[in-house]
There are 2 protein chains.
Amino acid sequence: MKTTNVADRVTAAALDLFATQGYATTSVQQIVEAAGVTKGAMYHYFQSKDDLLFAVYDRMLALQKSHLDEIVAAGGPAEEVVRAVCVDVVETSIDFLPEGTVFFRSMHMLTEPRLKEVTRRRREYHDEFAALLRRGQDEGVFRADVPRSVLVAHFFSDVHYLSHWYSPQGPETKTEVAQQLTDLFLRSIRTTAP
Amino acid sequence: MKTTNVADRVTAAALDLFATQGYATTSVQQIVEAAGVTKGAMYHYFQSKDDLLFAVYDRMLALQKSHLDEIVAAGGPAEEVVRAVCVDVVETSIDFLPEGTVFFRSMHMLTEPRLKEVTRRRREYHDEFAALLRRGQDEGVFRADVPRSVLVAHFFSDVHYLSHWYSPQGPETKTEVAQQLTDLFLRSIRTTAP
DNA sequence: GAGGGCGTACCGTCTGGTCGGTTTGCGCGA
DNA sequence: TCGCGCAAACCGACCAGACGGTACGCCCTC
């Protein structure tokens with residue numbers, strides 16, 4: 001109970017500071033002060049500052065991947081599966097907005113082995129989504145006159161950009177935004193009129 | 001000639017290093033070594049490391065804004081103007097891929113006054129584009145059932161994401177990608193079928 | 001000979017990380 | 001119930017070095 005408490009508080013403080021100040025400009029000292037622990041305690045649970053950053057990513061990647069797997073496993077027509085995936089990824093990205101901010105801003109600061117790991121897991125997600133699009137193309141519901149890689153990029157761009165403009169205090173709820181972005185995406189890749 | 005040479009070489013070296021290593025992890029020493037000048041020379045032309053980062057942004061923002069103004073000034077139906085803007089911004093973003101990488105990754109590391117300036121100029125671009133969409137909505141060619149802010153975000157997301165996936169060595173040329181992304185965007189926001 | 005472009009040496013500060021030691025929690029034999 | 005022992009949790013003073021930035025003076029050009 002106490003052990004998890006320390007590690008969790010450090011992780012939360014690190015996420016907060018990384019999101020507001022950036023990874024490189026946040027010192028380990030700041031993190032431990034914000035978390036109300038000492039440096040010794042922190043280095044007892046984490047190997048390095050780098051490890052803190054990876055912990056943030058690890059949690060988010062694992063969650064998104066498990067969501068994707070669930071939705072795909074549920075099955076259905078390609079278009080409906082893509083719709084469900086799209087709505088879900090937008091909503092969870094809004095739930096994890098600070099994580100997203102840190103992710104895209106500071107990913108390149110991970111050390112080699114961890115960067116490889118993160119890249120690998122992103123590619124997994126990426127490939128699984130591309131396979132869905134391919135199924136839709138085979139079924140004839142998604143257009144095939146644009147390279148699939150461009151369609152995939154077009155999809156991830158919205159998710160990526162969320163942390164740059166969306167605010168929970170803004171006029172739109174996450175459910176609305178998820179519906180709207182999903183609708184925009186599907187309309188652009190469908191062969192038939194909506 | 002010589003003066004510009006020094007400043008230019010420093011700017012180029014800084015851009016290159018910021019794009020590959022990140023702003024915070026690049027030291028002034030590295031920059032001046034890569035540029036083949038000394039720290040004294042560099043600090044003669046730039047006030048601070050922060051100034052170097054701003055110089056990168058300044059150039060890109062000025063260029064994109066002037067392009068936008070030109071295209072809007074040329075006039076035409078809203079849809080065609082938006083199409084031209086979209087194609088142009090994708091193409092110039094590809095021309096300035098390293099700048100884009102640095103921009104979105106390290107913008108938050110600018111000091112207060114310069115961050116304000118950059119934010120202001122981005123908003124200018126943003127507002128001008130939103131006005132175009134509004135015109136299209138008034139003309140009835142762009143859908144109005146989705147908040148304009150969401151449409152604008154949907155547009156900028158593609159531009160933003162380019163530096164994360166596009167490679168000049170990849171299979172698609174910048175012209176093709178510009179056409180494809182523009183097509184996807186327009187199709188999603190049009191009221192009528194293509 | 002004056003002044004601006006530039007080189008050199010240096011400064012104070014802060015960094016991520018370490019390490020020897022102390023405290024805490026807990027199973028267990030009596 | 002107590003006390004023992006021991007591992008895990010935790011502390012915080014302490015590195016070595018790198019950082020951004022500056023002071024000052026040389027030299028070349030006009």
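Numbered from 1 within each chain, the chains take letters A, B, ... in sequence-line order.
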Closest listed nucleotide, where the reference is the side chain of [X] and the choices are [options]:
{"X": "Ser48(B)", "options": "dC10(D), dG21(D), dC6(C)", "value": "dG21(D)"}
{"X": "Lys49(B)", "options": "dG21(D), dC10(D), dG16(C)", "value": "dG21(D)"}
{"X": "Val28(A)", "options": "dG7(C), dC11(D), dG16(C)", "value": "dG16(C)"}

In whole angstrom, what separates [X]'s [atom1] from [N]'s [atom2]?
{"X": "Tyr43(B)", "N": "dG4(C)", "atom1": "OH", "atom2": "P", "value": "22 Å"}
{"X": "Gln47(B)", "N": "dT22(D)", "atom1": "CD", "atom2": "C1'", "value": "14 Å"}
{"X": "Met42(B)", "N": "dA23(D)", "atom1": "CE", "atom2": "C1'", "value": "16 Å"}
{"X": "Asp8(A)", "N": "dA9(D)", "atom1": "CG", "atom2": "C1'", "value": "16 Å"}
{"X": "Gln29(B)", "N": "dC10(C)", "atom1": "CD", "atom2": "P", "value": "15 Å"}
{"X": "Glu33(B)", "N": "dA18(D)", "atom1": "CD", "atom2": "C1'", "value": "13 Å"}
{"X": "Gln30(B)", "N": "dC19(D)", "atom1": "CD", "atom2": "C1'", "value": "11 Å"}
{"X": "Ile31(B)", "N": "dC19(D)", "atom1": "CD1", "atom2": "C1'", "value": "12 Å"}

Between [N] and [X], is there an OP1 or OP2 to side-chain N/O distance shorter than 4.0 Å?
{"X": "Ser27(A)", "N": "dT15(C)", "result": "yes"}
{"X": "Tyr45(A)", "N": "dC10(D)", "result": "yes"}
{"X": "His44(B)", "N": "dC6(C)", "result": "no"}

For this session: Anything under 30° is parallel, anything over 60° is perpendicular, the rest tilted; go ahead and classify His164(A) against His160(A).
Result: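 Aromatic pair His164(A)/His160(A) classed perpendicular.
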
For this session: Please work out whether the ring planes of His154(B) and His154(A) are parallel, tilted or perpendicular, with thresholds of 30° and 60°.
Result: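 Ring orientation of His154(B) relative to His154(A): perpendicular.
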
Problem set entry | Of Thr26(A) and Gly40(B), the one whose closest DNA chain C nucleotide lies more 5' |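 The residue mapped nearer the 5' terminus is Gly40(B).
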
Exercise. Tyr166(B) side chain to Leu97(B) main-chain N or O, any donor-acceptor pair under 3.5 Å?
Worked result: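 Such a contact is absent between Tyr166(B) side chain and Leu97(B) backbone.
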
Exercise. Does a distance-only test, which skips hydrogens and angles, find a donor-acceptor pair under 3.5 Å between the side chain of Lys39(A) and the base of dG17(C)?
Worked result: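 By the distance-only test, yes, there is a pair.
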
Exercise. Do Val6(B) and Met42(B) belong to the same hydrophobic cluster, where Ile, Leu, Val, Met, Phe, Trp and Tyr are linked whenever their side-chain heavy atoms lie under 4.5 Å apart, directly or via other members?
Worked result: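 Yes, same cluster.
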
Exercise. Taking the side chain as C-beta and beyond, is there a heavy-atom pair between Leu15(A) and Glu99(A) under 4.5 Å?
Worked result: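 Yes, their side chains come closer than 4.5 Å.
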
